[in-house]
Amino acid sequence: MRRLGWVWPWALLLAGCPNGCSNKDTEVADAGPVVTGPELLNEKEPNERPEQALSLGRDATVSASLGADPSKPDEDWYRLAPASPRVADVSVTGIPGGDMLLEVYDAPGIRSASINSGGDGKPERFPNLYVERERWVRVASARKGTGGAYTLEVRYHSPEDGVEREPNDRAVDATPMQFGQAVSGFIGHAADEDWYRLELPEPPAGATPPPAPAPTPNPADPTGAQPPPTEGQPPAPEGTETPPAEPAANPEATANAPAAEGDPAAAGAQGQQPGGFQVPVPVPGQGNIQPAPEEPPSVALKIELTGIEGVRTELSVLSAAEAPLFVTPRGKEGEGYSLRNIGVRASDRVVYVVVKSGWVGTGKEAKRGFNSEKPYTLTVTQEEAGSNAELEPNDELYKATTLPTYGYKEGFLSPKGDVDNFVLKTAEPVLAKVELSGVERLDLELSVVAPPEGEGQKETVLQRANDGAIKEPERLNNVACQGTCYFRVQSASRKVDNKWVRDYENADQPYRISVTTVPDDGSQEREPNNTVDRAMDITPGKAVRGTVYPLKDVDYYRLDLSDRPVRTPIKVTLLGILKVDVGLYLHRLGEDGKLSLVQTSDRARGDQPEVIRYSAEPGVYVLEVRDARNREANFQDAYQLTIEEGE
């Protein structure tokens with residue numbers, strides 16, 4: 001019994017130290033309350049003013065209601081005050097028969113956002129409200145006399161890089177972004193605008209590079225056009241003003257060429273190309289071709305925006321002064337954009353990219369879509385083409401991208417319906433050969449365009465080349481230019497569902513528009529000369545060379561014999577070319593401006609010459625050269641037209 005008496009006291013002591021007693025502190029720190037979900041709260045009236053607002057520091061679901069008394073409109077205020085910077089997803093349920101209004105204030109009296117897009121009985125949501133310290137939310141009815149129970153939900157999460165921070169509908173609140181960084185955002189309500197601030201790199205010292213040496217000519221290409229770069233070789237430098245050196249002489253061709261007029265030394269300045277196409281070779285230092293006026297340096301951007309279901313997005317690029325540099329054309333709901341060569345000035349240090357919802361429908365049915373559930377993605381990078389890139393927007397002539405007198409530009413046809421205009425500026429008369437490379441999935445069209453002659457007038461397409469099909473190039477030969485000439489690149493027309501559309505698009509592969517110019521000395525035709533009023537003057541004894549290109553090309557030449565006192569015997573000789581059965585037609589121009597055909601020579605005998613002999617009364621005559629069958633063309637070989645007086 002004594003032993004048991006000793007055991008019980010020790011048992012009581014051990015019960016007080018279940019894990020055994022030691023000298024170490026056995027107290028456990030309090031971990032605090034365990035957060036198991038959002039707070040479930042009820043609004044506390046009165047809360048009609050900011051100072052009465054219910055504070056929400058963490059995720060919360062608030063049950064509340066709005067009074068329906070029209071004489072005393074009800075409104076409920078809430079204060080968002082997380083312990084550290086957070087992004088809040090704020091939503092309010094709809095009230096049957098009511099139209100909910102959700103507003104955000106940076107401080108009492110300073111509203112930064114107003115959301116009222118859902119309509120009657122529909123909820124409103126602000127999915128990505130950035131709260132650095134505190135903001136206020138006001139819930140009210142958009143119409144007097146409606147009210148009822150609603151639920152306000154607030155969910156916080158940590159800010160993430162590459163995500164817009166609302167509200168960002170002004171330049172001062174724009175979300176910063178970097179080149180190559182994909183940024184996501186929401187068009188959370190109909191009036192939502194998302195502004196992004198993009199800092200451009202500093203231009204390198206001496207932004208204007210020195211002129212590059214002239215590229216080596218390609219003897220295999222008798223057109224004289226600069227070939228596209230081969231793999232591993234750099235492209236031809238922009239701004240090189242000296243065309244290729246004179247190709248190797250062709251004795252046979254030289255023997256058939258007409259003698260040069262004037263000083264025999266001048267004949268040595270004429271280069272003979274295959275097919276009998278005589279090209280004047282500019283002499284360095286003698287001012288044969290003047291360079292185009294220097295354009296200010298620019299930066300070309302690539303902008304990609306994914307589509308948003310139910311939203312017709314609009315994207316614009318603005319300068320630091322918020323002046324529009326580029327605005328997307330009208331698109332379709334749910335479609336994104338892949339925009340290439342968006343031009344901004346290199347002198348600008350900051351530009352803004354703005355994404356918003358565009359109007360859909362007309363009149364009272366017009367609306368702007370939104371989607372607070374699915375985000376878009378925006379990416380901006382610099383184009384690799386650099387100074388050789390076409391610069392958007394250039395869909396109108398006064399915005400045309402400047403072409404070098406010898407060189408190239410690269411561009412994209414994107415989005416659908418894109419039109420690219422180019423301008424060639426020269427100080428002296430030149431003839432330009434323009435070549436447009438082929439592109440996968442594209443049928444391209446190349447045109448010469450004249451600007452409107454007066455206010456309210458329309459521009460005029462002087463010449464159009466669309467001989468090639470998908471992936472095939474287009475060309476224009478001997479386009480006469482003195483001062484300013486405009487060229488246009490666009491999608492060719494095709495019929496879809498009984499409508500003619502220009503909807504070819506390729507945002508991945510660029511086209512290249514290449515230009516070669518030579519002085520206009522009168523020895524070559526001046527295109528476009530496909531109408532009588534643009535006929536080129538021709539002089540007896542002086543040969544003129546030209547091409548039948550593009551398909552169905554017609555060349556007119558004007559012969560003025562009105563100062564002759566008597567009839568003048570003339571002999572007109574047209575040397576033929578390969579592939580095309582050239583025809584020669586002599587017309588007399590009447591006082592009423594109409595032509596009367598007086599003689600023809602169109603035996604359609606291949607490259608054999610056509611000859612007209614005619615005793616011409618004093619007057620004005622027009623010579624017409626074309627394919628006698630209107631079915632072939634040849635951009636490479638040139639015919640020769642000569643007029644001789646006498647028997």
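For reference, positions follow the sequence shown, starting with 1. Only this structure's heavy atoms are used, side chains among them; waters, hydrogens and symmetry mates stay out.
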Check: Within 45 degrees of the axis of the six-membered ring of Tyr105 and under 6.0 Å from its centre: does Arg138 put its NZ or CZ there?
Finding: no
Item checked: Side chains of Glu505 and Ser414, donor plus acceptor under 3.5 Å -> yes
Margin query: Closer than 4.0 angstrom, basic N to acidic O: yes or no for Glu459 and Arg488?
Written below: yes
Item checked: Side chains of Lys409 and Pro404 in contact at under 4.5 Å (non-hydrogen atoms) -> yes
Notebook entry, point to check: Can you tell me how far CD of Glu193 sits from OG of Ser357, rounded to the nearest 0.5 angstrom?
Noted result: 10.0 Å
Item checked: CD1 on Ile513 to CD on Glu390, rounded to 0.5 Å -> 10.0 Å
Margin query: Looking at every non-hydrogen atom in both residues, tell me the closest pair between Phe186 and Pro375 and how far apart they are.
Written below: CE2-N, 3.6 Å
Margin query: Between Lys302 and Glu383, does any side-chain N to carboxylate O distance fall below 4.0 Å?
Written below: no
Note to self: Take a 6.0 Å sphere around CD of Glu45 and say whether it holds more than 12 heavy atoms from other residues, nucleotides or ligands.
What the structure shows: yes
Check: For the atom pair CZ (Arg155) and CG (Asp59), what is the distance rounded to the nearest 0.5 Å?
Finding: 5.5 Å
Check: Looking only at atom types and distance, does a side-chain atom of Thr146 sit under 3.5 Å from a main-chain N or O of Gly98, one as donor and one as acceptor?
Finding: no
Item checked: Pair Glu392 + Arg340, salt bridge at N-O below 4.0 Å -> no
Check: Which atom pair, heavy atoms only, marks the closest approach of Arg494 to Asp503?
Finding: NE-OD1, 2.7 Å
Margin query: With a 4.0 Å cut-off on N to O distance, would you call Arg368 and Asp192 a salt bridge?
Written below: no
Next item on the list: Could you grab the distance from atom CG of Asn168 to atom OH of Tyr130, nearest 0.5 Å is fine?
Entry: 13.0 Å
Check: Can you check whether Ala190's main-chain N or O pairs, donor with acceptor, with Ser117's side chain at less than 3.5 Å?
Finding: yes
Check: Sub-3.5 Å donor-acceptor pair from the side chain of Asn341 to the main-chain atoms of Ala389, do we have one?
Finding: no
